[in-house]
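Notes follow the structure.
To find a chain, count down the sequence lines: A is the first, B the second, and so on, and within it residues start at 1.
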There are 2 protein chains.
Amino acid sequence: MWLRRTTRPTSTDGELARLAKALGHPARVRIIRHLTKRTSCMCGDIVKELPLAQSTVSQHLKVLKKAGLITGEIDGPCVCYCIEPAMLVRLKTLIATLPSPSSSPKQVCQSK
Amino acid sequence: MWLRRTTRPTSTDGELARLAKALGHPARVRIIRHLTKRTSCMCGDIVKELPLAQSTVSQHLKVLKKAGLITGEIDGPCVCYCIEPAMLVRLKTLIATLPSPSSSPKQVCQSK
DNA sequence: ACATCCTATCGTATTTTTACGATAAAGGAA
DNA sequence: TTCCTTTATCGTAAAAATACGATAGGATGT
């Protein structure tokens, strides 16, 4: 952004951008989808699901966690990642603030 | 991505990631929102709306256009950008394929 | 023709992202 | 204790994203 922040942007635009950005990679979408398919949390099975190195997957998990879309808690030797449903709802809500199909009729250019 | 493609990924995951990535910047969210507020298309008023250089805004518009979220057509001296409602609907649809709040009850870790 | 306005693109620099292998840290089993 | 498994982090390299000023090109007006 044009202004560096250490804290998360609290504005609606910034929040939507932040969440969208976290989803903005095929591997991360796949992780999210995988976590929603299972009722269990899945530790490192995610690594087996993806054609990526374990360290790379770990980085993607970190991004999702930082965005608040998933949580990870230690369970003995492995770590359990779970979806954070509230944050997905939040994302849907923010997306919903964008135009609905009916409210945007085909428009002619009126710049002049 | 783990496999370089010249064409757009056609898979659902890839498509969602692609659209989310396009939205994954505050300036681009703001542009989208601005375009939805107006009934007219707005040419370079977008530049005035943002604290960014004209060339930078032009780049962001290019990203949104490439993602199919907006269209831009030349109208005399200026260019008119419009929302592409269908693509926003598509984005909402893809997001909807992710879990609904009720389908993701609070789960205990079951990895072991 | 010339000047002006609007926009895209170029060239560039900085930052961020993505990916990997290697390593470290923590837990459980022998 | 010593292994083994699991995960995070480090170090690094390559690619992409972001931003700007400068420039080019197209349309309009004089």
Query - A/Leu50 CG - C/dA19 P separation (whole Å) - result: 10 Å
Query raised in the report: A/His25 side chain N/O closer than 4.0 Å to the phosphate oxygens (OP1, OP2) of D/dA16?
Result: no
Requested in this report: In whole angstrom, give the distance that lies between atom CD1 of A/Ile46 and atom C1' of D/dT6.
Outcome: 13 Å
Report task. Measure the distance from CZ on A/Arg28 to C1' on C/dA19 and round it to the nearest whole Å. Result -> 12 Å
Report summary line: Whole-Å distance, A/Arg18 CZ to C/dT17 C1', equals 17 Å
Query - Under-2.5 Å SG separation for cysteines A/Cys41, A/Cys82 - result: yes
Query raised in the report: Can you tell me if B/Thr93 uses its side chain to pair, donor with acceptor, with the backbone of B/Val89 under 3.5 Å?
Result: yes
Requested in this report: Would you check if B/Ile46 and B/Leu35 make a side-chain contact, meaning some heavy-atom pair closer than 4.5 Å?
Outcome: yes
Query raised in the report: Ignoring hydrogens and angles, does a donor from either the side chain of B/Gln59 or the base of D/dA19 sit under 3.5 Å from an acceptor on the other?
Result: yes
Query raised in the report: To the side chain of A/Cys78, which of D/dT6, D/dA8, C/dT7 is closest?
Result: D/dT6
Query raised in the report: Checking side-chain contact (heavy atoms from CB on, under 4.5 Å) against B/Ile83, which of B/Leu64, B/Leu69, B/Thr36 comes through?
Result: B/Thr36
Query raised in the report: Can you find a pair of side-chain heavy atoms, one from A/Val47 and one from A/Leu52, that are under 4.5 Å apart?
Result: no
**Report entry** Nearest-nucleotide 5' precedence on DNA chain D, B/Ser55 against A/Thr56
**Finding:** A/Thr56
Query raised in the report: A/His60 side chain N/O closer than 4.0 Å to the phosphate oxygens (OP1, OP2) of C/dA19?
Result: yes
Query - Distance test, side-chain N/O of B/Lys21 to OP1/OP2 of D/dA17, below 4.0 Å - result: yes
Query - Closest-nucleotide ordering on DNA chain D, the 5'-leading residue of A/Gln54 and B/Gln54 - result: A/Gln54
Requested in this report: Between A/Gly24 and A/Ile74, name the one whose nearest nucleotide on DNA chain C is closer to the 5' end.
Outcome: A/Gly24
Query raised in the report: Within this structure, what is the NZ-to-P distance between A/Lys66 and C/dT16, rounded to whole angstrom?
Result: 10 Å
Query - d(OH, B/Tyr81; C1', C/dT7) in whole Å - result: 7 Å
Report task. Figure out the CG/P separation between B/Leu61 and C/dA8, and round it to whole Å. Result -> 6 Å
Report task. Find the distance A/Leu52:CG to C/dT18:P and express it as a whole number of Å. Result -> 11 Å
Report task. Compare the minimum distances between each of C/dG21, D/dA8, C/dG27 and the side chain of A/Ala53, then state the nucleotide with the smallest one. Result -> C/dG21
